[in-house]
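Written below as structure tokens is the structure these notes are about.
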Amino acid sequence: MMSMFNRKKKSVHYYKRRNIFERNAVREIQVHVQYSAVQYKSQRMPPRDRISLQQRERIVRAFEDVHEDYLAIAETIGVNRSTARGIVSRYVREGRIAERPRGGANHVRVDDAIRDFLHEIIDENCLLTIAEMNRESRLRLPHKPTIHDRTVARSLEGRLYRVKLVRPLPADRNRPNVLQKRVEYENWFMGHAVVNHTVFIHECGNNIWIARSQGRALRGERAYREVCGQRGRNVTVALAVSPLVVQCFTQQYSEA
């Protein structure tokens, strides 16, 4: 019994020492990683200072002036000699002093002019397909690069254009003279018709044979509804409305 107890006691001490060793090893690894990160940050090169446009223009003016040395001027304003040579060589080669713009999208084929043109096409006729829009843009903008129909679709999606149900809109509804007549009728109605109790009469036709056009069925099967052979009678509704009373008259008649 004593030997078993001693063996268990030794095993407990062994596992405790192993856990302490593992914790110390993990702590050493964490300290090493933190030290490496700090050392890496300290060894990184500092961000280089950008050469301002005024400094570039001053170097170019010194280069064009025969009485000045542009390298000496560069050292005076704190610009490296090799950088000054690069600025001068770019000015002689391209005639450009400022830097090229950095960042942004490269090789853009659909620019703002094409996007505005697609917007104008949709305003003119919203029923055109993507292929017809692309074909029209090639005809009206021949100097622009040729793009694919999918590119046109992505451009329209980027400007929040979606395919929707087209609804008819009468052409004479929003003409200026029609809008003016609406204003005049509203003024007459509020000032004369309501005060003098004018009666308005309206007549319309309807059919009471009304049923739902959509139903449910299993996949692969059709949905049917049982109907009679006749569509029912037509109904004529005449309505007389005034600020004080409402009269309604209906009459049914069969189709001839």
Side-chain angles (χ1 to χ4, degrees), residues 26-164 166:
V26 171
R27 191 177 296 111
E28 290 179 359
I29 293 173
Q30 292 177 353
V31 171
H32 178 71
V33 170
Q34 294 177 0
Y35 175 76
S36 300
V38 172
Q39 189 177 11
Y40 172 74
K41 291 181 179 179
S42 63
Q43 291 178 356
R44 285 189 304 178
M45 295 182 62
R48 64 187 184 93
D49 297 332
R50 310 296 301 181
I51 308 301
S52 63
L53 181 60
Q54 290 79 9
Q55 292 174 333
R56 293 173 180 272
E57 292 177 350
R58 182 67 183 92
I59 293 173
V60 171
R61 287 198 305 269
F63 171 74
E64 292 179 346
D65 193 351
V66 295
H67 301 290
E68 291 183 340
D69 185 6
Y70 72 93
L71 295 178
I73 297 298
E75 292 181 356
T76 303
I77 61 179
V79 179
N80 195 2
R81 297 173 67 91
S82 61
T83 305
R85 292 192 185 96
I87 294 173
V88 171
S89 63
R90 189 179 301 109
Y91 172 73
V92 174
R93 184 174 61 254
E94 301 178 4
R96 179 171 51 85
I97 300 177
E99 284 186 306
R100 292 178 179 176
R102 297 176 178 269
N106 297 324
H107 307 290
V108 177
R109 302 181 68 87
V110 181
D111 54 1
D112 295 336
I114 297 179
R115 295 191 186 95
D116 296 339
F117 178 72
L118 293 176
H119 178 71
E120 294 176 0
I121 290 179
I122 294 177
D123 288 341
E124 293 176 1
N125 187 2
C126 63
L127 301 178
L128 296 178
T129 61
I130 297 296
E132 293 174 346
M133 293 181 189
N134 194 7
R135 194 180 307 113
E136 189 68 20
S137 65
R138 293 176 185 176
L139 294 177
R140 299 190 188 182
L141 302 175
H143 59 282
K144 294 294 182 179
T146 303
I147 57 179
H148 198 270
D149 294 344
R150 289 193 295 269
T151 306
V152 177
R154 287 195 299 267
S155 178
L156 294 177
E157 290 179 359
R159 305 197 73 174
L160 304 181
Y161 280 101
R162 299 294 185 269
V163 178
K164 299 182 179 180
V166 179

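Quick note: residue numbers are just sequence positions, from 1.
- Using the six-membered ring where Trp is involved, Phe63 and Tyr91 have ring planes that are perpendicular, over 60° apart on the 30 and 60° scheme.
- To the nearest 0.5 Å, the span separating CG on Asn134 from CG on Asp149 amounts to 4.5 Å.
- Side-chain N or O atoms of Arg96 include none that pairs as donor or acceptor with a backbone N or O of Arg90 at under 3.5 Å.
- Shown here is His143, whose NE2 atom has more than 12 heavy atoms of other residues, nucleotides or ligands within 6.0 Å.
- Looking only at side-chain heavy atoms (C-beta outward), Tyr70 and Arg58 stay at 4.5 Å or farther from each other.
- Here Leu118 contributes atom CG and Glu136 contributes atom CD; the two are 10.5 Å apart, rounded to the nearest 0.5 Å.
- A distance of 4.5 Å separates CD of Glu75 from CZ of Arg81, quoted to the nearest 0.5 Å.
- Atom CD1 of Ile87 sits about 11.0 Å away from atom CD of Glu57, to the nearest 0.5 Å.
- The backbone N or O of Thr151 lies less than 3.5 Å from no partner atom in the side chain of Ser155, so there is not a single donor-acceptor pair.
- Taking the side chain as every heavy atom from C-beta outward, Met133 and Ile122 approach each other to under 4.5 Å.
- When all heavy atoms of Arg162 and Glu157 are compared, the closest pair comes out as NH1-O, 3.4 Å.
- Ala84 and Val79 get closest at one heavy-atom pair: N-CG1, 4.2 Å.
- In this structure, the separation between CD1 on Ile121 and CZ on Arg140 is 5.5 Å, given to the nearest 0.5 Å.
- The CD1 atom of Ile77 sits 7.5 Å away from the CD1 atom of Ile51 when rounded to the nearest 0.5 Å.
- The 12-atom threshold is exceeded at CZ of Arg93, counting heavy atoms of other residues, nucleotides or ligands nearer than 6.0 Å.
- Between Arg85 and Leu71, the closest side-chain pair of non-hydrogen atoms falls below 4.5 Å.
- The pair Arg56-Glu99 counts as a salt bridge, with a side-chain nitrogen and a carboxylate oxygen less than 4.0 angstrom apart.
- With sequence neighbours left out, Ser82 forms a side-chain hydrogen bond (donor to acceptor under 3.5 Å, both in side chains) with Asn80.
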Using the side-chain contact (heavy atoms from CB on, under 4.5 Å) rule, take Asp111 and Lys144 through it: C-alpha gap first, then chi angles, then the decisive distance, then the call. CA-CA 9 Å; Asp111 54 1; Lys144 294 294 182 179; 2.6 Å; yes

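- Of all the heavy atoms in Glu68 and Ala62, the pair that sits closest is OE1-CA, 3.3 Å.
- By the 4.5 Å heavy-atom criterion applied to side chains, Thr83 and Ile59 are not counted as neighbours.
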